[in-house]
Q: 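Would you mind keeping the following structure in view while I ask a few things?
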Number of protein chains: 2
Amino acid sequence: METRDIEILLTLAEELHFGRTAERLHLSQARVSQVIRKLERRVGAPLFERTSRRVKPTPIGRRLCHDLQQALDLIQTGLARAEAAALDTGRALRLGVMGILGLELRRLVDAFRDRYPGSEVQITEFHFSDPFTPLRTGQADLHLLWLPVREPDLTVGPVVLTEGRVLAVAAGHPLAARDSASLEDLGDHLVVDGGAGAPDYWVESMVPWRTPSGRRIGRGPSARTFHEVLSLVAEGRCVSPLNAHVTRYYSHPGVVFLPIADAPATRWALTWRTAGESAHIRALAQTARDIGAHA
Amino acid sequence: METRDIEILLTLAEELHFGRTAERLHLSQARVSQVIRKLERRVGAPLFERTSRRVKPTPIGRRLCHDLQQALDLIQTGLARAEAAALDTGRALRLGVMGILGLELRRLVDAFRDRYPGSEVQITEFHFSDPFTPLRTGQADLHLLWLPVREPDLTVGPVVLTEGRVLAVAAGHPLAARDSASLEDLGDHLVVDGGAGAPDYWVESMVPWRTPSGRRIGRGPSARTFHEVLSLVAEGRCVSPLNAHVTRYYSHPGVVFLPIADAPATRWALTWRTAGESAHIRALAQTARDIGAHA
DNA sequence: TTTCGTTACGTTAGTCGTAAAGATT
DNA sequence: AATCTTTACGACTAACGTAACGAAA
């Protein structure tokens, strides 16, 4: 008898309804039926009387649920205690960020250090040219990535930052004189190319392949890091959509940043390998949820 | 965290040795390592300090083991209680036997009824032509089968009967004048054919394909039930090895039974579908173990 | 006829073993 | 070198979902 089975049994004893039980546990109704049947065969007696109208525990079932509820509570509190203790002794959590963005996470990191004085967070910088590899190779425990992230092995956690987008153009560029740009303008110029390390859907969400009206957006020279992008833009070899926070940290005489009026907001979320989830990771994610996203 | 994982953790905490833990739980050493590592990542702290010479629980590990031990005990006692209650309310256990053999099980059935007055055992007869199907289709909960039984989905339980073998021949048959037969004699005559419902290894163990010296044993007409066999033998169309208990219940004027001096003993064991194992089945098997096998 | 629970079957995720590598004495 | 744990990889079991079926009101 596995704890998963116990959880299903107890939920059914509460809900008294196979469908609602399945829904609460994100299972199919059939699965709930199978598990209960398996338990009944294991025990050797029916645990519920059921018709299509009513589900009611038998005396044996009721008694078993009572015992198992206690056991499950014990497991959960024991685990919670161990996790709490672990947070006082753990090694540093490596939090990946792209470019200068680590500075924007001060509030989160301070709040986390405040809650878990025994834990440490280490900010590590990675490049947008290969966004998921640091997590997969274990170079980072979490990574701050812009959404959408649709990778089956990764969990997308809370959104911690939301910001607008700007277009970086050379100071002498025709657009530089305007005080805002639009996605449609991208059709008239080359944009920086991010290389092949990231999946198309992810690049597309930041640097689209087509303007809203359907014109193709041309790819210019490629860059791996933010500084390389800035250089290319300053040389006038291309333009590049960027996230608004760069305007707070960079001012380059040869580059002008124009708000892109019709670009969707960029949402930055904590992301981690599902298989690598740990108490530390959950703690940081929960801290992020609690302090909320801020522009 | 599943109960299987808890069991592994607790065993390791007792043995303080990955290899012995694996052995006790019939697992590979690697698997133990994997599970512990998974738990450690889940908790977020090492649960054991280990070198190739020593395994020692950390304080967090020790504390967690203590909590989980209690939980596991609770699950097991709760389950045991439910099973005990089930034995008082259960439906009849259907015990399959071949031919007249049910009469030989009186002692077992009486002992079981004595121990579990709320339970019932119902003897059901099946044919040797298709020995495993009754279990697989659910027509029987247990089946008394001669060994060896090598079916991946079936569990072989205790041996409840052991007996010698006899050769059934027609009264007028040349062998009928002798007072014993040997396996070598089978090479001179046709034996009854059991049909294709049973696997070869199982048929072979009762009616071999070759004599000890290697001569081929010819197959005669086929029969599905014991009575059919007896008819064929009486008609002189074939001979047939049988189990010795038949001499206690059958005396047919046209048939003579000769002990087969060099045949191995037949061992009859309770067998059931592994997936269908229940408290009732375990109770009957345990009763059988306790009263022991008898000739 | 609708509402549930059950059964049948195909897919997939995770368990487990094998074999080889890595670490410690 | 010997002993024990960890890692890598492939096979297989069992968990799970989908869809069709069956029973009850």
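What's counted below: heavy atoms across the whole structure, side chains too, no hydrogens, waters or symmetry copies. Note on naming: letters A, B, ... go to the chains in the order of the sequence lines (proteins, then strands), and numbering restarts at 1 for each one.
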Q: Any salt bridge between A:E277 and B:R41, counting N to O under 4.0 Å?
A: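 Salt bridge flag = no for B:R41 with A:E277.
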Q: Whole-Å distance between D:dA15 C1' and A:E7 CD?
A: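 Those two atoms, CD and C1', are 14 Å apart.
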Q: Please report the distance, rounded to the nearest Å, between CZ in B:F48 and P in C:dT24.
A: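 My rounded result for the distance is 19 Å.
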Q: Does the pair B:R4/B:E7 count as a salt bridge with the N-to-O cut at 4.0 Å?
A: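 Answer for the salt bridge query: yes.
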Q: Any carboxylate oxygen within less than 4.0 angstrom of a Lys/Arg side-chain nitrogen, looking at B:R81 and A:D67?
A: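 Salt bridge flag = yes for A:D67 with B:R81.
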Q: Measure CD1/A:I36 against C1'/C:dT6 and give the value in whole Å, please.
A: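 Nearest whole value for this atom pair: 13 Å.
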Q: Please state how far atom CZ in A:R37 lies from atom P in C:dA8, giving the value in whole angstrom units.
A: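 Spelled out: CZ on A:R37 to P on C:dA8 is 8 Å.
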Q: Once you round it to whole Å, what is the distance between C1' of D:dG22 and CZ of A:R50?
A: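 Checked: the CZ to C1' distance equals 15 Å.
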Q: What one-letter contact string describes nucleotides 13-21 of chain C from 5' to 3', where B marks a base within less than 4.0 Å of any protein heavy atom, S marks contact via sugar-phosphate atoms alone, and - marks no contact?
A: --SBBBB--
Q: Under 4.0 Å, heavy atoms only, any strand: does A:V55 hit a base, just the sugar-phosphate, or nothing?
A: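 Sugar-phosphate contact only - A:V55 comes under 4.0 Å of backbone atoms but never of a base.
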Q: Return the set of residues passing ring pair (Phe, Tyr, Trp, His ring centres under 6.0 Å) with B:F48 (not counting sequence neighbours), or none when no residue passes.
A: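 For B:F48 there are no ring pair (Phe, Tyr, Trp, His ring centres under 6.0 Å) partners, ignoring immediate neighbours.
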Q: Within the supplied structure, the quantity of interest is the number of heavy atoms (other residues, nucleotides, ligands) at a distance under 6.0 Å from A:R282 CZ; does it exceed 12?
A: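 It does: A:R282 CZ has more than 12 such atoms within range.
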Q: To the nearest angstrom, how far is B:L39 atom CG from D:dT6 atom P?
A: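 In whole Å, D:dT6 P lies 13 Å from B:L39 CG.
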Q: Side-chain N or O of A:R53 less than 4.0 angstrom from OP1 or OP2 on C:dT2?
A: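 False: A:R53 side-chain N/O out of range (4.0 Å or more) of C:dT2 OP1/OP2.
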Q: Using only side-chain N and O atoms of A:R54, determine if any of them is under 4.0 Å from OP1 or OP2 of D:dA25.
A: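 Answer is no, no contact under 4.0 Å.
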Q: Whole angstrom is fine here: how far is it from CD in A:E49 over to C1' in C:dC4?
A: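 Going from A:E49 (CD) to C:dC4 (C1'), I get 17 Å.
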Q: Just by distance, no angles: are the side chains of A:T3 and B:E2 close enough, under 3.5 Å, to form a donor-acceptor pair?
A: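 Judged by distance alone, the side chains do pair up.
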Q: In whole Å, I'd like the distance from the CD atom of A:E23 to the C1' atom of C:dG5.
A: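 Taking atom C1' of C:dG5 as the reference, CD of A:E23 is at 16 Å.
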Q: Please enumerate all residues that pass side chain to side chain donor-acceptor pair (under 3.5 Å) together with B:D290, with sequence neighbours excluded.
A: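 If we apply the side chain to side chain donor-acceptor pair (under 3.5 Å) test to B:D290, skipping adjacent residues, the hits are B:R115, B:Q286.
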